S.K.: 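Please find one structure pasted underneath; my questions will follow.
Atoms considered below: every heavy atom in the structure, side chains included; atoms not considered: hydrogens, waters and symmetry mates. Model, not experiment: these values are computed from the prediction. Both counts, for ligands and for their atoms, begin at 1 and track the order of listing.
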Amino acid sequence: MGETAIDRFARMCYDGFLQGWHERNGGNLSYRMDENEMKEVSALFSTEPRHMDLPMTFEDLADECFIVTGSGRYMRNIPLAPEKNMGIIRIDGTGSGYSILWGLEDGAKPTSELPTHLLNHQVRSKATGGRCRVVYHAHPANITALTYTIAPDARTLSRILWQSETECAVVFPDGVGMVDWMVPGGTEIAKATAMQMDRYSAVVWAFHGIFGTGSDFDETFGLVHTIEKAAEIYLKAKGAGIVRTITDEELQELAKAFNVRLNRDFLNV
Ligand code: 13P
Ligand code: ZN
């Protein structure tokens, strides 16, 4: 057997840890599996899967299978003991509960942010014609620090990021969403996040971290990496004193050269 979806998932968790984005149990990851990926690992599945209820109904995700990280589990431990720190769940036909097919051993539960992950999958899958498969939550220091310096506003945040690194407008031409501080781990923050995920591939949580989405692990990790790097550059430049930046005209030239459509609401021209 070559590299399975479980292996690729575990590698991304560890890559995030190496970046310093996953202190303690911070951050979580989910991946919507396809049929072939399910077949590759089906020999591992439990014959008596544990069943759990969901706090809300996810009708559009009925019968979908996800790899998820465990609540309270550390990203740095995932490659060492995947069966204890992550698992595969199958959403019921009604979308109101799930079965644990593999992993999450010793009574572990999926991440406390499961409502946000599932709602984001539901919304992003629709927004991307089914392409979106990965939802990733991380606690990178620079993007989190940046949220202390601005109002919780997607336009302000997106303009800062676009101006801070030339790649940004090409990588996320729609911009990045932003949710003001809320208690994490429930259905309220899930709904507030998903309300923006129809427009943006990533949403920042004030004073907490970021949710990024994408069609595969590389795209999703790369998106969060790009946003975090831009935030780092912005904070460094701000500390040194910003005297000029990429202009809106230059952003438009960039969009033309790379054949992307920038979110016009976020431009001043
Ligand atoms: P979990 O350990 O439940 O995944 O929570 C970590 C986290 O980052 C909450 O926002
Ligand atoms: Zn978090």
S.K.: Mind checking whether Phe9 and Phe217 have parallel, tilted or perpendicular rings, split at 30° and 60°?
M.R.: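 Phe9 and Phe217: perpendicular rings.
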S.K.: Check ligand 1 against His139 and write out every atom of the ligand that is under 4.0 Å from a heavy-atom position of the residue.
M.R.: 8 (O)
S.K.: Where is the nearest protein heavy atom to atom 7 (C) of ligand 1: which residue, which atom, and how far?
M.R.: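 Answer, as residue, atom name and distance: Asn28 ND2, 3.5 Å.
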S.K.: Show me which atoms of ligand 1 lie under 4.0 Å from any heavy atom of Gly27.
M.R.: 4 (O), 6 (C), 7 (C), 8 (O)
S.K.: Which heavy atom of the protein is the closest neighbour of atom 5 (O) of ligand 1, given with residue, atom name and distance?
M.R.: Ser112 OG, 3.4 Å
S.K.: Which residues pass the salt bridge (charged side-chain N to carboxylate O under 4.0 Å, His left out) test with Glu59, sequence neighbours left out?
M.R.: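 Glu59: no salt bridge (charged side-chain N to carboxylate O under 4.0 Å, His left out) contacts found.
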S.K.: Consider every N or O of Thr69 and every N or O of ligand 1, then say whether any pair is closer than 3.5 Å.
M.R.: no
S.K.: Under 3.5 Å, is there a donor-acceptor pair between the Tyr234 and Gln163 side chains?
M.R.: no
S.K.: Would you call Glu167 and Lys229 a salt bridge, using N to O less than 4.0 angstrom?
M.R.: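 Here Glu167 does not pair with Lys229 in a salt bridge, since their nearest N and O are not under 4.0 Å apart.
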S.K.: Give a yes or no on whether a salt bridge exists between Glu37 and Arg8, defined as a side-chain N under 4.0 angstrom from a carboxylate O.
M.R.: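 Yes, this pair counts.
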S.K.: Where's the contact between Asn25 and ligand 1, heavy-atom distance under 4.0 Å: side chain, backbone, both or neither?
M.R.: both
S.K.: Salt-bridged, Glu23 to Arg76, with N to O below 4.0 Å?
M.R.: no
S.K.: Take every heavy atom of Gly185, measure it against each atom of ligand 1, and state whether any distance is under 4.0 Å.
M.R.: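 The answer is no: ligand 1 sits nowhere under 4.0 Å from a heavy atom of Gly185.
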S.K.: Are any of the N/O atoms in Gly26 less than 3.5 Å from those in ligand 1?
M.R.: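 No, no N or O pair falls under 3.5 Å.
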S.K.: Within the 4.0 Å heavy-atom shell around Gly72, which atoms of ligand 1 are there?
M.R.: 1 (P), 2 (O), 3 (O)
S.K.: Enumerate the protein N/O/S atoms at a distance below 2.8 Å from the Zn ion (ligand 2), ignoring waters.
M.R.: His137 NE2, His139 NE2, His208 NE2
S.K.: Judged by modelled atom types alone, do Asp92 and His51 share a side-chain donor-acceptor pair under 3.5 Å?
M.R.: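 Note: Asp92 and His51 side chains meet the donor-acceptor criterion.
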S.K.: State, without any angle test, whether Glu228 and Asn142 hold a side-chain donor-acceptor pair at a distance under 3.5 Å.
M.R.: yes
S.K.: Could you check, using the six-membered ring where one of them is a Trp, whether Tyr136 and His22 have ring centers closer than 6.0 angstrom?
M.R.: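 Tyr136 vs His22: aromatic centres under 6.0 Å.
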S.K.: Please determine if Asp174 and Arg199 form a salt bridge, counting it only when a charged side-chain N lies under 4.0 Å from a carboxylate O.
M.R.: no
S.K.: Do the ring planes of Trp205 and His137 sit parallel (below 30°), tilted (30 to 60°) or perpendicular (above 60°)?
M.R.: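 Rings of Trp205 and His137: tilted, 30 to 60°.
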S.K.: Which of the atoms of ligand 1 are close to His137, meaning less than 4.0 Å from one of its heavy atoms?
M.R.: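 Under 4.0 Å from His137, ligand 1 has these atoms: 8 (O), 10 (O).
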S.K.: Please identify which atoms of ligand 1 are closer than 4.0 Å to at least one heavy atom of His208.
M.R.: 10 (O)
S.K.: Should Trp205 be counted as touching ligand 1, given the test is an N or O pair under 3.5 Å?
M.R.: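 The answer is no, given that Trp205 and ligand 1 share no N or O pair closer than 3.5 Å.
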S.K.: Go through Tyr148 and Phe207 one step at a time and tell me if the ring-ring contact (aromatic ring centres under 6.0 Å, His included) criterion holds.
M.R.: CA-CA 7 Å; Tyr148 290 81; Phe207 321 145; 4.4 Å; yes
S.K.: So that I know where these two stand, are His139 and His208 an aromatic pair - ring centroids less than 6.0 Å apart?
M.R.: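 Yes; His208 has its ring centre under 6.0 Å from that of His139.
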S.K.: Would Thr111 count as being in polar contact with ligand 1, using the rule that some N or O on each side must be under 3.5 angstrom apart?
M.R.: yes
S.K.: Students should be able to answer this: which protein heavy-atom is nearest to atom 10 (O) of ligand 1, and at what distance?
M.R.: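 The answer is Glu113 OE2, 2.5 Å.
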S.K.: Before signing off on this row, confirm whether Pro184 and ligand 1 have an N or O atom pair separated by under 3.5 Å.
M.R.: no
